[in-house]
A.B. asks: 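Before we start, here is the structure in question, set down as structure tokens.
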Amino acid sequence: MTAFASDFMRIIHERGFVDACTHAEELDALLNREVVTAYIGYDCTARSLHVGSLVSIMLLRWLQKTGHRPLVLMGGGTTRIGDPTGRDDMRKLLTDDEIAANMAGIQSVFAKYLTFGDGPTDARMVNNADWLDGLAYIPFLRDYGRHFSINRMLTFDSVRMRLERETHMSFLEFNYMILQAYDFLELNRRDGVRLQMGGADQWGNIVNGVELGRRCDGVSLYGLTVPLITSASGAKMGKSAQGAVWLNAEQLAPYDFWQFWRNTEDADVGRFLRLFTELPLDEIARLEALGGAEINEAKKVLAHEATALAHGEAAALAAAETARAVFEQGGVGEDLPTVTVPAAELAAGVPAPTLFTRAGLTASNGEAKRLIKGGGARLNDAVVDDIGRLVTDADLSGGELKLSAGRKHHALVRVEG
RNA sequence: GGAGGGGUGGUCGAGUGGUUAAAGGCACCGGACUGUAAAUCCGGCGGGGAAACCCUACGUUGGUUCGAAUCCAACCCCCUCCA
């Protein structure tokens with residue numbers, strides 16, 4: 001591989017961020033010469049982002065750290081149409097208010113990773129609804145449609161696969177790549193954006209934007225994609241027991257976020273350290289080389305670094321402390337999920353299954369009972385073997401008690417009143 | 001507009017009148033083994049109930065039947081081919 005002159009290109013190649021790149025040498029030279037504005041587009045279909053987007057977020061962070069300007073493009077315009085590939089999701093068209101709320105939530109996530117502002121390398125967020133909503137069909141077709149060759153578009157993977165499998169593809173979907181290409185052109189005109197980045201699945205769309213820029217305005221635009229991250233055992237990354245691994249504290253507690261990284265598969269540790277932390281490569285090499293149980297130390301480092309980025313140093317330390325108390329000492333920690341029950345209720349006795357469900361460890365009483373029957377439920381570390389077990393204030397120690405579902409999921413119950 | 005195929009539990013996918021809360025796979029949860037790992041093995045996997053049992057569920061709404069995810073009708077949606 002070529003030796004890159006720009007910090008950005010060198011670092012992201014070394015760390016495994018690059019799946020594909022257009023004109024890497026030219027881009028490298030450009031990055032070495034001037035401050036480059038680059039963008040990645042995100043849908044605003046949810047209040048937050050999850051770890052599936054984290055690779056690209058880290059990519060923008062590196063961009064900024066190496067002296068360039070990141071731009072976050074929110075798909076406010078495209079979100080309004082609804083993603084045609086999501087069958088059931090098609091119907092729930094989001095209202096403008098919902099989209100605005102989602103954008104605000106996503107911005108708060110980005111605020112942890114990027115510095116926003118008006119300075120030359122400060123990040124900014126833009127919404128493609130600003131220009132897509134007002135497009136007039138005929139002028140748009142005449143000005144831009146002429147530059148798209150159907151013959152060419154049919155050769156793109158996303159389209160070709162659909163055609164080969166003879167599955168339906170709507171005109172709307174077919175237009176997606178055109179709209180996305182237009183976004184790139186528009187951003188170049190508005191903000192001088194030169195580079196679009198995104199997931200590997202976006203390659204075709206990005207290339208279309210690059211070509212549209214050349215055809216319409218004679219500008220050189222660049223594209224770069226990051227690989228789809230799967231775990232070593234092949235699973236798509238980002239699922240936890242509770243569901244998606246969200247990046248905001250409201251939807252996933254920092255402690256659970258920490259636990260997610262702590263439970264990384266051995267084979268993924270090195271790769272994840274390179275992608276999701278900013279530790280020096282030689283340090284990562286050292287951690288990665290740890291064998292056997294020692295690799296757990298590397299996982300703790302990974303958990304700490306990733307959590308510190310998302311939630312701050314203090315939250316990461318608190319999560320680590322709770323994990324240490326719970327797993328290494330069998331005790332309890334402040335960060336465990338906590339529920340309170342009225343003193344009177346506890347005095348009267350609460351059925352164990354009810355308490356497990358209320359603590360969020362099980363989704364229903366039935367599930368709680370199954371958990372107990374399966375021997376996975378514990379109260380203050382003692383196995384609960386009777387689904388009729390009443391929990392009373394006699395079970396309290398130090399004003400609280402610990403419930404456990406399996407070895408990894410714990411919650412605290414406290415009394416109130 | 002015409003002809004044909006299809007909509008099943010988180011997902012994929014069987015089932016074509018009753019023992020079907022609905023095979024099997026995946027995902028997920030618990031147990032064993034470990035290192036809060038992987039792999040493997042075991043168990044579980046709609047809700048309520050201590051249990052008997054009750055309720056909800058196979059696109060929607062009606063109907064036939066002692067009884068329907070399964071048959072009929074209308075409607076909605078998806079797909080393939082033709083115009």
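Per chain, numbering begins at 1; letters A, B, ... match sequence-line order. Predicted, not measured: the structure shown is a model, and the values here were computed from it.
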A.B. asks: Check the distance between B:G31's P and A:Asp385's CG and give it to me in whole angstrom.
C.D. replies: 15 Å
A.B. asks: Main chain of A:Val193, side chain of A:Asn188: is a donor-acceptor contact present, judged purely on distance under 3.5 Å?
C.D. replies: yes
A.B. asks: How far, in whole Å, is B:A52 from B:A57 if one measures between their C1' atoms?
C.D. replies: 23 Å
A.B. asks: List in chain and number order the residues that pass ring pair (Phe, Tyr, Trp, His ring centres under 6.0 Å) with A:Phe116, two or more places apart in sequence or in another chain; answer none if no residue qualifies.
C.D. replies: none
A.B. asks: What is the distance from CG of A:Leu361 to P of B:C45, rounded to the nearest Å?
C.D. replies: 19 Å
A.B. asks: Quick one: which of B:U36, B:G30, B:G35 gets closest to the side chain of A:Ile295?
C.D. replies: B:G35
A.B. asks: So if I take every side-chain heavy atom of A:Lys408 and compare against B:G35, B:G47, B:A37, which nucleotide ends up nearest?
C.D. replies: B:A37
A.B. asks: How do A:Arg324 and A:Gly406 order along RNA chain B: which one's closest nucleotide is nearer the 5' end?
C.D. replies: A:Gly406
A.B. asks: Determine the Euclidean distance between corresponding C1' atoms of B:U16 and B:G67; express it in Å to zero decimal places.
C.D. replies: 16 Å
A.B. asks: Pairing check on B:G24: which nucleotide meets the Watson-Crick or G-U wobble criteria with it, both distances under 3.5 Å?
C.D. replies: B:C12
A.B. asks: For the pair made of NZ in A:Lys300 and P in B:G35, what is the distance, rounded to whole Å?
C.D. replies: 13 Å
A.B. asks: Find which nucleotide of RNA chain B each of A:Glu328 and A:Gly388 is nearest to by heavy atoms, and output the residue with the more 5' nucleotide.
C.D. replies: A:Glu328
A.B. asks: If you look at every strand shown and take non-hydrogen atoms under 4.0 Å, does A:Glu294 touch a base, only sugar-phosphate, or nothing?
C.D. replies: nothing
A.B. asks: If the C1' atom of B:U40 is compared with that of B:G46, how far apart are they to the nearest Å?
C.D. replies: 30 Å
A.B. asks: For a quick test of reading the model: is some side-chain N or O of A:Lys299 closer than 4.0 Å to OP1 or OP2 of B:A37?
C.D. replies: no
A.B. asks: What does B:G1 pair with, Watson-Crick or G-U, if both distances are under 3.5 Å?
C.D. replies: B:C82
A.B. asks: Please confirm whether A:Tyr182 and A:His147 have ring centers closer than 6.0 angstrom.
C.D. replies: no
A.B. asks: Whole-Å distance between B:C28 P and A:Arg370 CZ?
C.D. replies: 17 Å
A.B. asks: Can you check the A:Asp266 CG to B:G35 C1' distance for me, whole Å?
C.D. replies: 8 Å
A.B. asks: What class does the angle between the rings of A:Phe140 and A:Tyr144 fall in, given that below 30° is parallel, 30 to 60° is tilted and above 60° is perpendicular?
C.D. replies: tilted
A.B. asks: When the C1' atoms of B:C75 and B:G24 are considered, how many whole Å apart are they?
C.D. replies: 33 Å
A.B. asks: Can you list everything that forms a side chain to side chain contact (heavy atoms under 4.5 Å, CB included) with A:Asn248? Sequence neighbours excluded, please.
C.D. replies: A:Ser48, A:Val109, A:Trp246, A:Glu250, A:Gln251
A.B. asks: Using whole Å, what does the distance between atom P of nucleotide B:A37 and atom CZ of A:Arg262 come to?
C.D. replies: 8 Å
A.B. asks: Is A:Gly366 touching bases, backbone alone, or none of the nucleic acid, heavy atoms closer than 4.0 Å?
C.D. replies: sugar-phosphate
A.B. asks: Between B:G47 and B:U11, how many Å separate the two P atoms, rounded to a whole number?
C.D. replies: 15 Å
A.B. asks: Please determine if A:Glu297 and A:Arg286 form a salt bridge, counting it only when a charged side-chain N lies under 4.0 Å from a carboxylate O.
C.D. replies: no
A.B. asks: Expressed in whole Å, how much space separates the C1' atoms belonging to B:U65 and B:C53?
C.D. replies: 26 Å
A.B. asks: Using only atom types and a distance under 3.5 Å, with no angle test, would you say the side chain of A:Thr322 pairs donor to acceptor with the backbone of A:Asp335?
C.D. replies: yes
A.B. asks: List the atom of A:Ala20, the atom of A:Trp203, and the distance in Å for their closest heavy-atom pair.
C.D. replies: CB-CZ3, 3.6 Å
A.B. asks: Taking OP1 and OP2 of B:G30, is either one under 4.0 Å from a side-chain nitrogen or oxygen of A:His409?
C.D. replies: yes
A.B. asks: Separation of A:Arg378 atom CZ from B:G31 atom P, in whole Å?
C.D. replies: 7 Å
A.B. asks: Heavy atoms only, 4.0 Å cut-off, all strands: where does A:Ala405 land among base, sugar-phosphate and nothing?
C.D. replies: sugar-phosphate
A.B. asks: Check this for me: does the side-chain of A:Asn365 come within 3.5 Å of the base of B:G47 through a donor and an acceptor?
C.D. replies: no
A.B. asks: Go through B:G35, B:G30, B:A37 for me and flag the one nearest to the A:Asn296 side chain.
C.D. replies: B:G35
A.B. asks: For the side chain of A:Ala323, starting at C-beta, report the closest nucleotide among B:A51, B:A38, B:U36.
C.D. replies: B:U36
A.B. asks: Between B:A32 and B:A39, how far is it from one C1' atom to the other, in whole Å?
C.D. replies: 14 Å
A.B. asks: Partner lookup for B:C71, please. Criteria are Watson-Crick or G-U wobble with both distances under 3.5 angstrom; report none if nothing qualifies.
C.D. replies: B:G63
A.B. asks: Taking pairing as Watson-Crick or G-U wobble with both contacts under 3.5 Å, can you name the mate of B:A32, or confirm there isn't one?
C.D. replies: B:U40
A.B. asks: When the P atoms of B:C26 and B:G59 are compared, how many Å lie between them, rounded to an integer?
C.D. replies: 25 Å
A.B. asks: Base, sugar-phosphate, or nothing for A:Arg407, non-hydrogen atoms under 4.0 angstrom?
C.D. replies: base
A.B. asks: Remember a base hit wins even if backbone is also touched, and classify A:Thr362 as base, sugar-phosphate or nothing at under 4.0 Å, heavy atoms.
C.D. replies: nothing
A.B. asks: Between atom CD1 in A:Ile372 and atom P in B:A50, what is the gap in whole Å?
C.D. replies: 11 Å
